[in-house]
Amino acid sequence: MPELPEVETTVRGIAPFLVGQRLNTVTIHQPSLRWPIPASIETRLSGAICHQVIRRAKYLIFETSHGDVLAHLGMSGSFRLSDPESPRKTHDHIEITVGDLVLRYHDPRRFGCFLWLADAQAQALLATLGPEPLSDAFTGRWLYTQARRRQVAVKNFIMSNPVVVGVGNIYASESLFFAGIHPNRAACRISEARYEHLAQQIRVVLERAINSGGTTLRDFVNGQGEPGYFQQTLQVYGRAGEPCRQCHTPIQSAVIGGRNSYFCKVCQR
DNA sequence: ATGACAACCTGTGGGC
DNA sequence: TGCCCACAGGTTGTCA
């Protein structure tokens with residue numbers, strides 16, 4: 001489900017309702033996510049004041065007076081603020097009451113996580129992360145230097161977290177289309193100038209998606225339960241057989257690195 | 001070090 | 001209508 005824009009949309013949606021507020025009760029209904037939710041979270045987090053909600057890569061970090069939490073939405077996770085009177089749904093695994101609302105973590109596939117940030121496991125997850133794509137540290141030169149001697153397809157290269165965080169399957173296809181680069185091209189066979197263009201397009205695509213509230217393919221909703229609208233402007237993702245919006249050639253799809261990929265064979269070389 | 005790929009788990013949609 | 005299979009937005013861990 002969520003790539004960087006969807007996580008950012010979630011953070012922006014829920015933070016105003018959490019920051020400065022007390023997390024009154026924390027209830028774990030299903031601790032079995034990708035890694036077990038620490039049993040200590042229920043009692044230790046209850047009563048904490050939430051100081052800040054921030055995003056790092058596709059992680060959400062809840063900074064509280066009783067310790068910080070590192071959460072990830074996996075493939076199908078979402079946080080949503082609801083009326084406590086509304087019934088809890090299947091796969092609502094965590095409930096946190098805040099004021100007259102309840103924050104629910106919903107995740108059918110349970111690939112997400114909810115850990116104490118200070119724990120070694122959480123620290124290890126953050127340790128290997130590359131630069132934020134919307135930061136000044138992310139440049140074409142960085143991509144170019146990282147790509148030396150890398151034979152891997154450029155699409156897999158930009159989806160790898162040590163290289164740059166937050167670029168998932170949708171936005172990898174989209175940014176490569178805007179950069180005019182074929183997703184199967186070996187990472188080491190792209191010039192620094194083309195990487196400058198690619199880095200710029202990655203930033204533009206992610207920023208536009210954030211401004212549209214993210215992409216909803218099946219079920220993504222923001223903190224208020226609303227869908228994103230970026231899918232209406234997707235250029236190639238999920239459009240196999242449909243005409244390229246630039247040259248009208250049918251969009252191709254191919255499995256690259258085990259993930260479905262979409263591109264225009266004329267516009268992307 | 002690099003790259004390929006299975007694994008984690010449930011829901012959904014298409015084909016028959 | 002129902003069954004079965006393929007596939008889905010991510011990431012880690014294992015193995016060659």
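Within every chain, numbering begins at 1; the chains are lettered A, B, ... in the order of the sequence lines, protein sequences first and strands thereafter. These numbers come from the heavy atoms of this one structure, side chains and all, not from hydrogens, waters or symmetry mates.
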Output the single nucleotide from C:dG9, B:dG3, B:dG11 whose closest atom is nearest the side chain of A:Arg259.
C:dG9
Can you check the A:Arg110 CZ to C:dA8 C1' distance for me, whole Å?
17 Å
What's the closest nucleotide to the side chain of A:Trp35 if the choices are C:dG9, B:dG11, C:dT12?
C:dT12
Between NE2 on residue A:His29 and CZ on residue A:Arg104, distance to nearest 0.5 Å:
8.0 Å
Aromatic centroids of A:Phe79 and A:Phe62 separated by under 6.0 Å:
yes
Value in whole Å for how far the C1' atom of C:dT11 lies from CG of A:Leu73:
13 Å
Pick base, sugar-phosphate or nothing for A:Arg34, based on heavy-atom distances below 4.0 Å to the nucleic acid.
base
Pair assignment for C:dG9, Watson-Crick or G-U wobble, requiring both distances under 3.5 Å
none
Could you check whether the side chain of A:Arg109 and the base of B:dC9 have a donor-acceptor pair of N or O atoms closer than 3.5 Å, going by distance alone?
yes
In whole Å, I'd like the distance from the CG atom of A:Asn161 to the P atom of B:dG3.
16 Å
Taking B:dT10, B:dG3, C:dG10 as options, the one with an atom nearest any side-chain atom of A:His91 is B:dT10
Which of these, A:Asn24, A:Thr25, A:Thr27, sits in a side chain to side chain donor-acceptor pair (under 3.5 Å) with A:Thr97?
A:Thr25
Under a plain distance cut-off of 3.5 Å, with no hydrogens placed, do A:Lys155 and A:Asn169 share a side-chain donor-acceptor pair?
yes
Under 4.0 Å between a side-chain nitrogen and a carboxylate oxygen: does that hold for A:Arg12 and A:Glu8?
yes
Check for me: is A:Phe111 stacked on B:dC8 by the 5.5 Å centroid and 30° plane-angle rule?
yes
In whole angstrom, give the distance that lies between atom CE of A:Met159 and atom C1' of C:dG10.
8 Å
Nearest-Å distance for atom pair CZ/P, residues A:Arg56 and C:dT11
12 Å
Find the distance A:Asn260:CG to C:dG9:C1' and express it as a whole number of Å.
13 Å
Rounded distance in Å between the P positions of C:dC3 and B:dC9:
24 Å
When all nucleic acid strands are considered with a 4.0 Å heavy-atom cut-off, which category describes A:Asp107: base, sugar-phosphate, or nothing?
nothing
Listed nucleotide nearest any side-chain atom of A:Lys58, set B:dC9, C:dA8, C:dG10:
C:dG10
To the nearest angstrom, the CD1-C1' distance between A:Ile158 and C:dG10 comes to 15 Å
Taking a pair as Watson-Crick or G-U wobble with both distances under 3.5 Å, which nucleotide is matched to B:dC9?
none
Nucleotide nearest A:Tyr59 when distance is taken to its side chain, options B:dT2, C:dT12, C:dA8:
C:dT12
Would you indicate what A:Gly168 reaches in the nucleic acid, counting non-hydrogen atoms under 4.0 angstrom: base, sugar-phosphate, or nothing?
sugar-phosphate
I'd like to know if A:Glu192 pairs up with A:Arg141 as an ion pair, taking the criterion as any Lys NZ or Arg NE/NH1/NH2 lying under 4.0 Å from an Asp or Glu carboxylate oxygen.
yes
Expressed as a whole number of angstroms, how long is the span from A:His72:NE2 to C:dT11:P?
4 Å
Rounding to an integer number of angstrom, what distance separates C:dA6 and B:dA6 when you compare their P atoms?
14 Å
Within the structure shown, what part of the strands sits under 4.0 Å from A:Asn156 by heavy-atom distance: base, sugar-phosphate, or nothing?
nothing
Which residue lies toward the 5' end of DNA chain B, A:Arg148 or A:Gly257, if each is placed at its nearest nucleotide?
A:Arg148
